[in-house]
Every structure is written in structure tokens, then in C-alpha cells.
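Reviewing the structure listed below.
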Amino acid sequence: MPDFDNSIAVFIDYENMALGMNSNNGGRRKTLFQPDIGKILERLLEKGRIVAKRAYCDWQRFPEAVSYLHGLGVDLLEIPDNNQSGKNSADIRLAVDAIELCHNNAFINTFVIVSGDSDFTPLVSRLKENGKTIIGVGMRESTSELLAVNCDEFIFYEDIGVAADIPTIPDNLSGEKRKAYELLFDSIEALQRENVETMHSSMIKDAIRRKAPQFTEAAYGYRSFTRLLEEAQDHGLIKMHKDEKSGTWVVEGFSA
């Protein structure tokens, strides 16, 4: 079950992810693909509140990523790439910053390492010794098995955002309502992915607001969040029942 009180710190080895996406290019610097850090952060929001986001790289090598990452609120740490430093320097700086944050901010209970590099395995072990939960994110083909098995959870980048078996939104719904349904289905899917069996309506609304803090059901034409759920059930898209104690709706999942 997701703990919405989780405080999460995210540390991104950007070069590892970028080169992993372009591994078929022999590691040559041709900007064909960039890792979608935004979709990684969205996935992590299903697990708690992100309180720190840092990315490490020689940003002169990836200038097209700078404004994009700034827009996501990621702090960019410059690691010059030269004969004396570079990749190892980025690894060391990331590890030092993670340990410092671990010791100075006890409320942060989950650390995310966005990299597939086995060099981070000792960092993972040290953070776990300090009682932290460790999540890894990396490319399937370029992730070290040693790193993956030492994390409490490892998410392969290629699996994020893969289309799930969710209902088709009715064509007769307006554009505003379609957006509300997209947020609703995305949140139900996220809670199911976190193995939540009892999805109270308030939990689903909290999950929506974690990714879309500006969400209000009134903006999509509903007088209450309950009405959105009831309409989705009337369309045969979700299954619900009333909780006997509280009288509130509990969503069981998508209709078959």
C-alpha cells in the first residue's frame, strides 16, 4: 500500500540514463533520445511526496535537457567532464549528497537512485543501514543486476507508462469530463499497481491531487467527487460498493 506520508529524495545520474537510451549508438554523443524524467517523477508521486530532486551531469554535453529539467523543478549539479574527473566524479558527488541528506533530514524515508550503475550499490547498502527505503530506476539493458537486487524496489524505465488494460472513455463525454476520467483511471491504476485492495474515494482523490494539485471536480463539471465516481459506474467503467461503516464509496477496480 502506498504511504502518502512518504518523503522522497530523488538522485538522477543523468548521463547513465541518457547513454543507456542511446546505447545502440555506441555511446556517441548524438542527441537521438532523452530520458523522460517527467514520467519517472510522475510514477514516484504514486509512492509519496517528492521533497528533493537532483540531477548530476556535465550539462554542456546535454544542453537540450537543461531547460526541460529546470521546468520540472530539478536541481542541476554541474560535474565538469575532463581527464581527471567526469563520470566517477558525478558518482561520488551524488553519493556524498545522498548520505548528507540522509543524516541531515531524518524525515526523508525514501531515496530514489535513477541509474543502472553498479557503482551505486555501496550507497544503497549504506542508506539501508540508516533505515531508508531505496527505489532504483534504470534502463533494462544497462542496469546492473547487482544494483537492482540490492534495492527494495527497482523500476525499469521501459515499463513506466506502458498502456494498462483500462476502460475506453465514452465518446459522448465532453472534453473536460474526458480529462477528469483520464485522471481518475490513472489514479486507480496507480493504486492497483501499489497493491491497494481497498480504494476509498478519498484515497483516489488524494492520488489525483498528488499528480495534479490544482484538481477540483467542479472544474470538470461535477458537483462532487462522488458524482464523478457514480457516473463512471453508471457507464459500466468501474465497480464500487458502499463501505458499511462510513457509508462512503469504495472502488473495487475497473469493470471487466
Please step through side chain to side chain contact (heavy atoms under 4.5 Å, CB included) for the pair Arg210 and Glu46, ending with a clear verdict.
CA-CA 8 Å; Arg210 188 163 297 280; Glu46 299 172 5; over 6 Å; no

Donor-acceptor pair, distance only, cut-off 3.5 Å: does the side chain of Asp117 make one with the backbone of Phe120?
no

Going through the distances and angles, do Tyr181 and Leu237 end up as a side chain to side chain contact (heavy atoms under 4.5 Å, CB included)?
CA-CA 10 Å; Tyr181 274 65; Leu237 303 175; 3.5 Å; yes

Within this structure, what is the CD1-CG distance for the pair Ile204 and Leu183, rounded to the nearest 0.5 Å?
12.5 Å

Nearest atoms (heavy-atom pairs only) where Phe111 meets Ala98
CE2-O, 3.5 Å

Could you go step by step and tell me if Asp152 and Ile135 meet the side chain to side chain contact (heavy atoms under 4.5 Å, CB included) rule?
CA-CA 6 Å; Asp152 294 295; Ile135 300 172; 5.9 Å; no

Among Lys205, Arg223, Arg227, exactly one meets side-chain hydrogen bond (donor to acceptor under 3.5 Å, both in side chains) together with Glu217. Which residue is that?
Lys205

Using every non-hydrogen atom in the two residues, find where Leu173 and Lys177 come nearest and quote the distance to one decimal.
CD2-CD, 4.1 Å

Could you measure the distance from the CG atom of Asp97 to the CG atom of Asp75? Nearest 0.5 Å is fine.
10.0 Å

Just by modelled atom types, is the Thr121 backbone N or O under 3.5 Å from a matching donor or acceptor in the Ser125 side chain?
yes

Where Ala18 and Pro35 come nearest, the two heavy atoms and their spacing:
CA-CD, 3.9 Å

Walk me through it: do Glu230 and Trp249 pass the test side chain to side chain donor-acceptor pair (under 3.5 Å)?
CA-CA 9 Å; Glu230 290 173 341; Trp249 285 112; 3.2 Å; yes

Run the numbers on Glu64 and Gln34 for side chain to side chain contact (heavy atoms under 4.5 Å, CB included), then give the verdict.
CA-CA 9 Å; Glu64 67 283 347; Gln34 293 183 58; 3.1 Å; yes

Quick check: do Ile113 and Asp13 have side-chain heavy atoms less than 4.5 Å from each other?
no

For the pair Glu15 (side chain) and Asp58 (backbone), establish whether a donor and an acceptor sit closer than 3.5 Å, ignoring hydrogens and angles.
no

Distance (rounded to the nearest 0.5 Å) between Gln233 CD and His241 NE2:
11.0 Å

CD1 of Ile166 to OG of Ser255, rounded to nearest 0.5 Å, is 13.0 Å

Just grab all the ring-ring contact (aromatic ring centres under 6.0 Å, His included) pairs involving residues 217-238, residues at least two apart or on different chains.
Phe215-Tyr220

Closest approach of Lys242 to Gly247 (non-hydrogen atoms, all atoms of both residues)
CD-O, 3.1 Å

Taking only residues two or more places apart in sequence, or in another chain, which ones meet Tyr56 in a ring-ring contact (aromatic ring centres under 6.0 Å, His included)?
none

Answer yes or no: is there an ion pair linking Lys179 with Glu176, defined by an N-O contact shorter than 4.0 Å?
no

Tyr14 side chain vs Leu76 backbone, donor-acceptor pair below 3.5 Å
no

Same hydrophobic cluster for Leu146 and Met139, using side-chain heavy-atom links shorter than 4.5 Å among ILVMFWY?
no

Without swapping roles, check the side chain of Asn109 against the backbone of Ser7 for a donor-acceptor pair under 3.5 Å.
yes

Heavy atoms of other groups near Glu129 CD, more than 12 under 6.0 Å:
yes

Are Val250 and Met203 linked, directly or through intermediate hydrophobic residues, by side-chain heavy-atom contacts shorter than 4.5 Å (ILVMFWY only)?
no

Within 45 degrees of the axis of the six-membered ring of Phe11 and under 6.0 Å from its centre: does Lys53 put its NZ or CZ there?
no

Could you check if a side-chain atom of Leu229 sits within less than 4.5 angstrom of a side-chain atom of Met240, using non-hydrogen atoms only?
yes

Find the distance between CZ (Phe185) and CD1 (Ile238) and round it off to the nearest 0.5 Å.
7.0 Å

Looking only at non-hydrogen atoms, find the nearest pair between Leu101 and Ala52 and report the distance.
CD2-CB, 4.1 Å

Roughly how far apart are Met21 CE and Ser142 OG, rounded to 0.5 Å?
10.0 Å

Is a side-chain donor or acceptor of Asn6 paired with a backbone partner of Lys47 at a separation under 3.5 angstrom?
yes

Is it the case that the side chain of Arg178 and the backbone of Pro170 share a donor-acceptor pair, with hydrogens and angles ignored and the cut-off at 3.5 Å?
yes

How about Ile12 and Leu94: do any of their side-chain heavy atoms sit closer than 4.5 Å?
no

Any non-hydrogen side-chain atom of Val251 less than 4.5 Å from a side-chain atom of Lys239?
no

Side-chain ion pair, Arg193 and Glu189, N-O less than 4.0 Å:
yes

Residues that Phe154 engages under ring-ring contact (aromatic ring centres under 6.0 Å, His included), provided they are two or more places apart
Phe156

When you compare the side chain of Ile40 with that of Asp36, does any pair of heavy atoms fall below 4.5 Å?
no

Do you know the tightest heavy-atom contact between Ala232 and Leu184?
CB-CD2, 4.1 Å

Would you say that more than 12 heavy atoms from the other residues, nucleotides or ligands in this model lie under 6.0 Å from the CZ of Arg126, or not?
no

Are Ile50 and Ile160 connected in a single hydrophobic cluster, I mean Ile/Leu/Val/Met/Phe/Trp/Tyr linked by side-chain heavy atoms less than 4.5 Å apart?
yes

Kindly say whether Ile108 contributes a backbone atom to a donor-acceptor pair with the side chain of Asn105 at under 3.5 angstrom?
no

Tell me whether Leu72 is reachable from Leu44 by hopping between hydrophobic residues (I, L, V, M, F, W, Y) whose side-chain heavy atoms are closer than 4.5 Å.
yes

Looking at Lys132, is its backbone amide N or carbonyl O close enough to the side chain of Asn130 to form a donor-acceptor pair, meaning the two atoms are under 3.5 Å apart?
no

The single option from Arg140, Arg43, Lys39 passing salt bridge (Lys or Arg N to Asp or Glu O under 4.0 Å) against Asp159
Arg140

Are Val10 and Tyr68 grouped together when hydrophobic residues (ILVMFWY) are joined by side-chain heavy atoms under 4.5 angstrom apart?
yes

Output, in order, the C-alpha distance, side-chain angles, deciding distance and verdict of side chain to side chain donor-acceptor pair (under 3.5 Å) for Ser224 and Thr226.
CA-CA 5 Å; Ser224 67; Thr226 295; 4.6 Å; no

